[in-house]
Amino acid sequence: MAVLSLLLLGGLWSAVGASDMAVVTCGSVVKLLNTRHNVRLHSHDVRYGSGSGQQSVTGVTSVDDSNSYWRIRGKTATVCERGTPIRCGQPIRLTHINTGRNLHSHHFTSPLSGNQEVSAFGEEGEGDYLDDWTVLCNGPYWVRDGEVRFKHSSTEVLLSVTGEQYGRPISGQKEVHGMAQPSQNNYWKAMEGIFMKPSELLKAEVHHAEL
């Protein structure tokens with residue numbers, strides 16, 4: 001589904017800052033910033049020339065690239081209702097808007113750093129259990145202005161950027177990979193996007209949890 005069509009859904013969607021709730025919710029479409037290297041999580045219909053040969057995932061400095069939008073969904077074979085706040089410790093999927101493939105990892109070696117490869121996998125939002133990532137954060141919920149880590153639910157690596165840079169045909173883009181150890185290289189923050197508003201019931205739940 002194109003970002004433009006999401007914008008046309010009207011009252012179902014809330015632009016950044018328009019909601020009085022600071023939580024990140026299921027169904028939201030966001031860009032994710034690696035706060036150490038100042039790049040946004042990105043994908044495109046360019047495949048790795050080694051490793052799995054699946055669709056590549058990179059980091060880009062551009063703020064307005066439409067290939068950096070990801071939809072937040074429930075883990076594989078589950079449905080997370082739109083507007084449900086994402087809990088710290090909850091497994092999710094991140095589906096690339098423009099290609100319909102999910103953020104994915106597996107035991108292949110990344111092309112530049114030799115860490116674990118991160119790719120985009122599946123068709124029309126459906127892949128397999130290796131698409132699941134656990135949100136690591138402080139407090140009960142993932143909040144918009146907070147930094148989080150994404151831990152691959154099966155292999156336990158952390159979604160990371162360490163600065164290695166590709167040449168042609170994707171010159172200047174940074175490698176995104178999985179690392180076993182926590183560090184400043186694996187912190188991410190929700191930035192530009194379209195956030196689903198929590199329902200009134202869910203607002204009450206969040207308010208109660210914060211008391």
Distance (rounded to the nearest 0.5 Å) between [X] [atom1] and [Y] [atom2]:
X	Y	atom1	atom2	result
R73	L94	CZ	CG	10.0 Å
E124	T95	CD	OG1	11.5 Å
R87	C80	CZ	SG	10.5 Å
E164	T58	CD	OG1	13.0 Å
S119	F108	OG	CZ	8.5 Å
L130	R93	CG	CZ	12.5 Å

### Query
By side chain to side chain contact (heavy atoms under 4.5 Å, CB included), which residues pair with N38, not counting sequence neighbours?
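Result, side chain to side chain contact (heavy atoms under 4.5 Å, CB included) vs N38: L33.
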
### Task
For S183, enumerate each residue passing the side chain to side chain contact (heavy atoms under 4.5 Å, CB included) test, keeping only those at least two apart in sequence or located in another chain.
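With neighbours one apart ignored, the set is N185, N186.
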
### Query
For H42 and S68, which heavy atoms make the closest approach, and how far apart are they?
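Reported closest heavy-atom pair: ND1-OG, 3.2 Å.
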
### Task
Identify the two heavy atoms, one from H44 and one from S56, that lie closest to each other, and give their separation to 0.1 Å.
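That closest heavy-atom pairing would be NE2-OG, 2.9 Å.
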
Residue pair [X] / [Y], side-chain heavy-atom distance below 4.5 Å:
X	Y	value
S153	K75	no
R40	V63	yes
Q165	Q173	no
R149	C137	no
W188	L32	yes
S105	E117	no

### Message
Over 60° means perpendicular and under 30° means parallel, so tell me whether F150 and W142 are parallel, tilted or perpendicular.
### Response
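Aromatic pair F150/W142 classed perpendicular.
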
Has the side chain of [X] got a donor or acceptor atom that lies under 3.5 Å from a matching backbone atom of [Y]?
X	Y	value
E175	L112	yes
H96	S43	yes
T155	H152	no
S28	M196	yes
S160	L158	yes
T25	P198	no
K31	D65	yes
H37	V161	yes
Y48	V57	yes
Q116	V157	no

### Query
Going by atom types only, do D64 and S62 share a side-chain donor-acceptor pair under 3.5 Å?
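Looking only at side-chain atoms, S62 and D64 do form a donor-acceptor pair, the distance falling under 3.5 Å.
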
### Stepwise side chain to side chain contact (heavy atoms under 4.5 Å, CB included) check, V29 with I97
CA-CA 8 Å; V29 176; I97 288 294; 3.7 Å; yes

### Task
Take Y69 and N98, measure what side chain to side chain contact (heavy atoms under 4.5 Å, CB included) needs, and give me the verdict at the end.
CA-CA 8 Å; Y69 282 109; N98 284 351; over 6 Å; no

### Message
Looking at N138, I'd like to know if its CG atom is crowded, meaning that more than 12 non-hydrogen atoms belonging to other residues, nucleotides or ligands lie closer than 6.0 Å.
### Response
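Not more than 12 within 6.0 Å, no.
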
### Message
Taking the six-membered ring of F195 as reference, does the cationic atom of R144 (NZ for Lys, CZ for Arg) lie under 6.0 Å from its centre and within 45° of its axis?
### Response
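Pair R144/F195 counts as cation-pi.
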
### Query
Is it the case that K174 places NZ or CZ above or below the six-membered ring of Y166, under 6.0 angstrom from the centre and within 45 degrees of the axis?
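No, cation not above the ring by the 6.0 Å, 45° rule.
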
### Query
Only one of L103, N34, N115, V118 clears side chain to side chain contact (heavy atoms under 4.5 Å, CB included) with V176; which?
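Single pass found, and it is V118.
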
### Message
When you group the ILVMFWY residues by side-chain heavy-atom contacts below 4.5 Å and let the links chain together, are Y187 and L159 in the same group?
### Response
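No, it is not one cluster - the side chains of L159 and Y187 are not joined through contacts under 4.5 Å.
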
### Task
Determine, using the 4.5 Å side-chain heavy-atom cutoff (strictly less than), whether V60 and L41 are members of one ILVMFWY cluster.
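No: no chain of side-chain contacts under 4.5 Å links V60 to L41.
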
### Query
Would you call R36 and E147 a salt bridge, using N to O less than 4.0 angstrom?
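No, no charged N to carboxylate O under 4.0 Å.
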
### Query
Who passes salt bridge (Lys or Arg N to Asp or Glu O under 4.0 Å) against R101, sequence neighbours left out?
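Only D45, E123 meet the salt bridge (Lys or Arg N to Asp or Glu O under 4.0 Å) criterion with R101.
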
### Message
As a quick check of understanding, evaluate side chain to side chain contact (heavy atoms under 4.5 Å, CB included) for H106 and S52, giving each step before the final call.
### Response
CA-CA 9 Å; H106 39 210; S52 68; 3.6 Å; yes

